[in-house]
Amino acid sequence: MDTEDPPRQLTGVVIITLPPPDNPSLGKTITAFTLTEDDVQAQSHQTHQQEEPELPIQVIQPIPPPPPLPNLFSGSPRKLLGFLGISLFALVLFSSAFSSTFQDLSDSNNEDQKRQSFILPLYHKLGIREISQDLQLKLGRFVEPNMQNWAAFVDVGATGNRKIDKFVAANDAVIDSSTILPAKGSVFPDGLYFTYMLVGNPRRPYFLDIDTGSDLTWIQCDAPCTSCAKGANPLYKPTRRNIVPPKDTMCFEVQKNQKPGYCETCQQCDYEIEYADHSSSLGVLATDELYLMTANGSLNKLNLVFGCAYDQQGLLLNTLEKTDGILGLSKAKVSLPSQLASKGIINNVVGHCLAIDAGIGGYMFLGDDFVPYWGMAWVPMLESPSTELYLTELVKINYGSRSLSLRGQNGNLGRVVFDSGSSYTYFTKQAYSELVTSLNEITKVGFVQDASDPTLPICWRTQFPIRSILDVKRSFKTLTLQLGSRWRIIPKKLSISPEGYLIINKKGNVCLGILDGSEVHDGSTIILGDVSLRGKLVVYDNTNKKIGWAQSDCVKPGSFKNLPFFER
């Protein structure tokens, strides 16, 4: 056995030859050498006699560095200063356009992970009458009640216990879960958008008109009821434990503008809300369990303070034929988003998306999980000590290229209110008059005003049947509202296409869905109602005091927690 033989081995060498720097098109070449066992043994014996020869390695020539860039500013300080000025201006433009986006990204990294978001489907309401007198502008405010007509229906005293005890919840079918249902709706003839919420124990559904112009959420209730519409569901029935006492902080919020204020002898917290159309709702504050579906599909039980409304008057009763009350979504502390935010359940953000398509209602959400990081136009909210509405400044308004007046009848500069509780949009008297004058030009293309149509104050008929706004869209121009601070470098424009201010009624006429606000409110503010909010995702960020919007089909919400290019 030959023990001195070296171990058998195989050695290979691969040489990669790069192309010359002056001709990269030649490509690279690869050369492989294999050294057999005999070569290795021969080389091993020669190592004792001479140095091992070097392997044939191709020397790679270094790639020459690129020629230096010419010095554009050498000997020319004026060019350098000009370049710096242009760069500074571009930086200001960039920061103005995207500073809010960067702030959103920063805030999202610091948000409380325990906070959630709730999403609710929207539905249409049937049965709105086709006369303009029934159109409502639901900008509600708390007023001091007339004590002569005030009835303490919910009495928790000794004489009232028997009356309250019989107001136990009926044994209706319990809804075990909440589902995002297909939504439907239109401004005409439906009149409003509503959602449903589960309240009470056992929990039952109530259909509520979503209203960013109202503070308090209220439900028609049997306490007993003096004046209630039929509604979509049986009246809410309170018990003694549901009644909010006058010393509760929410009662102070509701009655803070009333005199004499806190009542030592009262057993309940009374309220009255008067709306812009002079309708009213009378009731007492109640508290009960509210069930909301979170973004991840779980059902959460929360505690809600709301109005037990037992006396409704005026045109408000018409909207309660298919609903049960109003969902207050304003900035007020008593509103639903503010209550949830005060408990740390959500960030104080509310959004809605009202679909243009009559077969789709849209959706609304509470919390910030469905707020896009990109594609939103944001303007600051205006703070007002006298109102909790969503206000912003109106810098300019145009119909096509024609400018309309900004000033209201009291001489104030323009302001805009976003009000999802109003079916139609309201202009100041002068702006409305100028808009109607501008619209008279459509008579040149065959439109004839139809004074016999009671649907809205101004309607036109044509010589051909109108199936949708698309049939007449070319005859009308876009309304453009420039919102926010007049000192912004990049203006924030809210464009309202003809679909956002025209209505096709059952007669096949096209009607103007913008009304004269001086006839139903103070006339100093433009109010954007459902007709102009359709086809847009509108977000009210009470945490950062801003209002945003973006075009959307409102079919379904999406989660925007990731940036588009970081999504997996």
Side-chain angles (χ1 to χ4, degrees), residues 115-125 167-185 192-211 214 216-223 225 228-239 241-244 250 283 285-309 319-320 322-329 334-343 345-346 350-352 361-367 369-370 420 556-557:
R115 296 184 178 179
Q116 308 175 75
S117 291
F118 302 93
I119 185 164
L120 302 94
L122 301 185
Y123 302 85
H124 69 289
K125 176 188 177 297
F167 294 151
V168 295
N171 295 322
D172 295 338
V174 176
I175 296 179
D176 294 326
S177 62
S178 177
T179 306
I180 299 178
L181 304 174
K184 306 173 183 177
L192 56 82
Y193 292 83
F194 68 91
T195 188
Y196 77 92
M197 311 190 83
L198 304 173
V199 180
N201 186 12
R203 51 185 181 266
R204 296 185 176 84
Y206 295 97
F207 295 167
L208 303 178
D209 178 3
I210 66 165
D211 191 358
S214 288
L216 181 67
T217 296
W218 57 262
I219 302 172
Q220 289 195 122
C221 72
D222 187 0
C225 187
C228 291
K230 181 180 179 181
N233 296 285
L235 299 178
Y236 173 82
K237 295 186 177 182
T239 62
R241 65 177 180 82
N242 297 125
I243 304 307
V244 173
M250 287 299 175
L285 285 191
T287 181
D288 210 331
E289 296 171 350
L290 168 70
Y291 297 84
L292 289 176
M293 183 74 73
T294 60
N296 62 10
S298 61
L299 195 64
N300 281 251
K301 182 174 69 174
L302 313 166
N303 190 50
L304 172 69
V305 173
F306 60 96
C308 169
T319 66
L320 294 170
K322 297 294 182 179
T323 58
D324 302 301
I326 287 179
L327 181 62
L329 299 172
V334 73
S335 72
L336 176 60
S338 295
Q339 287 192 51
L340 298 179
S342 67
K343 301 175 185 294
I345 298 171
I346 65 168
V350 59
H352 58 69
Y363 61 88
M364 64 161 289
F365 57 82
L366 301 167
D369 283 331
F370 297 98
S420 66
K556 63 179 180 179

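Taking 4.5 Å as the limit, some side-chain heavy atom of M364 sits within range of a side-chain heavy atom of L329. Within the 4.5 Å cutoff, side-chain heavy atoms of Y196 are placed close to those of P205.
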Dump the intermediate steps for side-chain contact (heavy atoms from CB on, under 4.5 Å) on S420 and Y193, then the final yes or no. CA-CA 8 Å; S420 66; Y193 292 83; over 6 Å; no

Please test F118 against I345 for side-chain contact (heavy atoms from CB on, under 4.5 Å), starting from the C-alpha separation and ending with a verdict. CA-CA 10 Å; F118 302 93; I345 298 171; 3.6 Å; yes

Between L285 and L216, does a side-chain contact (heavy atoms from CB on, under 4.5 Å) hold up when you go through it step by step? CA-CA 10 Å; L285 285 191; L216 181 67; 3.9 Å; yes

Evaluate F306 against Y236 for ring pair (Phe, Tyr, Trp, His ring centres under 6.0 Å), listing each step before the verdict. CA-CA 11 Å; F306 60 96; Y236 173 82; 5.3 Å; yes

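Annotation: the span from L327 atom CG to T217 atom OG1 amounts to 4.5 Å, rounded to 0.5 Å. We find the CG-CG distance between D211 and L336 to be 12.5 Å, quoted to the nearest 0.5 Å. Between the CE atom in M197 and the CG atom in L302 there is a gap of 8.5 Å [rounded to 0.5 Å]. Of the inter-residue distances, the one linking W218 atom CH2 with L208 atom CG reads 9.0 Å to the nearest 0.5 angstrom. Note that the CG atom of L235 and the SG atom of C225 stand 5.5 Å from one another [nearest 0.5 Å]. Distance check, rounded to the nearest 0.5 Å: CG of D324 to CZ of F207 gives 7.0 Å.
Residues C308 and A286 share a closest heavy-atom pair of CB-CB, 4.2 Å.
If you run side-chain contact (heavy atoms from CB on, under 4.5 Å) between Y291 and each of V199, N300, L299, only L299 comes through.
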